[in-house]
Amino acid sequence: MANRLVKKGKPYFRVLKTMMQMRYKPPRFLFVGEVFPDGSLILSNHEGTDAPMALEMYMPRRLRMWGAHEMNEGLVPMYKYQSKIYFCEKKHWNIWGARAFCLIASPLTNLFYSGFDLISTYHDPRIVKTLKESLAAIKDGESIVVFPEHSEKGYLAELEGFFAGFALFAEFSAKRGVDIPVVVSYYRKGENTYIFDAPVKYSVLVEKYETRDGIVKALLDRCNLLGKMDTANLTEIDYGENKE
């Protein structure tokens with residue numbers, strides 16, 4: 001199965017992918033239980049660009065990622081978001097260094113992100129657009145990837161919180177008759193290893209944890225546990241040369 005960059009059929013992506021492979025190496029994909037089905041909701045820590053790029057480049061499944069709408073609206077909004085929010089506030093760069101760096105980085109990022117097919121997220125009523133587009137993708141057999149961690153202090157090994165947007169989406173889908181499998185995952189940057197938990201239906205989470213806050217807290221704790229888990233007995237799937 002070809003990965004998303006090849007499936008898009010845009011020749012320049014082959015060149016970009018080859019360039020990116022010098023920076024982002026193929027990760028090990030490990031699974032605690034059964035492999036998640038298509039049409040799942042996948043939650044992951046972020047680890048800067050490493051976790052998203054590991055999935056986009058090397059996971060040969062149909063994935064759509066949530067991303068800040070500024071990263072999906074062209075060069076100028078992307079430059080402002082990258083320089084102020086991503087590099088300065090999240091990665092704690094000096095603002096002037098971030099602005100200078102993004103003069104080079106943002107045009108390249110914009111070119112690459114044009115092929116990501118991100119689903120834009122918002123902090124206002126436009127979130128309804130996000131929910132509808134995400135549900136349509138789920139019904140079409142694509143899995144939705146969300147990076148919900150609180151990152152005000154940067155990308156930490158021990159996550160301090162999850163935003164609840166993913167739970168809102170699961171509720172939205174359930175009310176429309178779609179009981180989404182939810183999958184918690186954790187990317188270990190130092191080991192270049194991606195660990196995926198067994199999928200759990202949203203209805204099961206509701207029955208067990210009852211409230212949205214309860215579900216969010218339980219999945220946050222599970223994500224942190226995956227980050228510390230002994231991987232010796234986990235199942236590894238080698239996607240081999242599908243990474244081409």
Does [X] reach the side chain of [Y], with side-chain heavy atoms less than 4.5 Å apart?
| X | Y | result |
| --- | --- | --- |
| Pro181 | Leu41 | no |
| Cys88 | Ser83 | no |
| Phe196 | Ile237 | no |
| Arg222 | Met229 | yes |
| Phe36 | Ser143 | yes |
| Met65 | Asp117 | no |
| Phe29 | Glu236 | no |
| Val182 | Lys201 | no |

Judged by atom type as modelled, is there a donor-acceptor pair below 3.5 Å linking the side chain of [X] to the main-chain atoms of [Y]?
| X | Y | value |
| --- | --- | --- |
| Glu149 | Glu160 | no |
| Ser203 | Asp179 | no |
| Asn224 | Glu158 | no |
| Ser173 | Val178 | no |
| Arg64 | Glu142 | no |
| Asp230 | Ala232 | yes |

Under a single-linkage definition using a 4.5 Å side-chain heavy-atom cutoff for Ile, Leu, Val, Met, Phe, Trp and Tyr, are [X] and [Y] assigned to the same hydrophobic cluster?
| X | Y | value |
| --- | --- | --- |
| Val183 | Phe31 | yes |
| Phe172 | Trp66 | yes |
| Val32 | Val35 | no |
| Val145 | Leu220 | no |
| Phe166 | Ile42 | no |

* Looking at Asn192, Thr193, Ile195, which one forms a side-chain contact (heavy atoms from CB on, under 4.5 Å) with Tyr187? -> Asn192
* Asked: Name the one of Val184, Asp221, Leu30 that satisfies side-chain contact (heavy atoms from CB on, under 4.5 Å) with Leu226?
  ->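 So, applying the side-chain contact (heavy atoms from CB on, under 4.5 Å) to Leu226 and each of Val184, Asp221, Leu30, only Val184 qualifies.
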* Apply side chain to side chain contact (heavy atoms under 4.5 Å, CB included) to the pair Leu131 and Leu168, showing each step before the final yes or no. => CA-CA 8 Å; Leu131 303 180; Leu168 177 65; 4.2 Å; yes
Return the [atom1] to [atom2] distance between [X] and [Y], rounded to the nearest 0.5 Å.
| X | Y | atom1 | atom2 | answer |
| --- | --- | --- | --- | --- |
| Tyr202 | Phe169 | OH | CZ | 11.5 Å |
| Met53 | Glu47 | CE | CD | 15.0 Å |
| Asn45 | Tyr194 | CG | OH | 6.0 Å |
| Leu63 | Ile144 | CG | CD1 | 9.0 Å |
| Leu43 | Tyr186 | CG | OH | 14.5 Å |

Can you name the nearest heavy-atom pair linking [X] to [Y], along with the distance?
| X | Y | value |
| --- | --- | --- |
| Ile138 | Ser40 | CD1-O, 3.5 Å |
| Ser120 | Thr130 | O-OG1, 2.5 Å |
| Ala167 | Val216 | CB-CG2, 4.1 Å |
| Leu118 | Glu133 | O-OE2, 4.4 Å |

* Kindly indicate, with the supporting measurements, whether the criterion side chain to side chain contact (heavy atoms under 4.5 Å, CB included) is fulfilled by Tyr24 and Glu56. => CA-CA 11 Å; Tyr24 301 100; Glu56 179 70 20; over 6 Å; no
* Asked: Would Phe162 and His150 count as a close aromatic pair, with their ring centres under 6.0 Å?
  -> no
* **Pair Asp140 + Arg62, salt bridge at N-O below 4.0 Å** =>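 So Asp140 pairs with Arg62 through a salt bridge.
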* Residues Lys189 and Asp50 bridged, charged N to O under 4.0 Å ->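 Judged by the 4.0 Å cut-off on N to carboxylate O distance, Lys189 and Asp50 do form a salt bridge.
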* Asked: Just wondering, are more than 12 heavy atoms of other shown residues or ligands nearer than 6.0 Å to CG in Asp124?
  ->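 Above 12, so yes.
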* Above 12 or not: heavy atoms from other molecules or residues under 6.0 Å from NZ of Lys129? -> no
Can you list, pair by pair, the side-chain donor-acceptor contacts under 3.5 Å of residues 204-212, counting residues two or more places apart and other chains?
{"from": "Thr211", "atom 1": "OG1", "to": "Gly214", "atom 2": "N", "distance (Å)": "2.9"}
{"from": "Arg212", "atom 1": "NE", "to": "Glu171", "atom 2": "OE2", "distance (Å)": "2.8"}
{"from": "Arg212", "atom 1": "NH2", "to": "Glu171", "atom 2": "OE1", "distance (Å)": "2.8"}

What pairs of donor and acceptor atoms, side-chain ones from residues 97-104 against any protein atom, are under 3.5 angstrom apart with sequence neighbours left out?
none

* Apply side chain to side chain donor-acceptor pair (under 3.5 Å) to Thr231 and list each qualifying residue two or more places apart in sequence or on a separate chain. =>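 For Thr231, no residue satisfies side chain to side chain donor-acceptor pair (under 3.5 Å) once neighbours in sequence are set aside.
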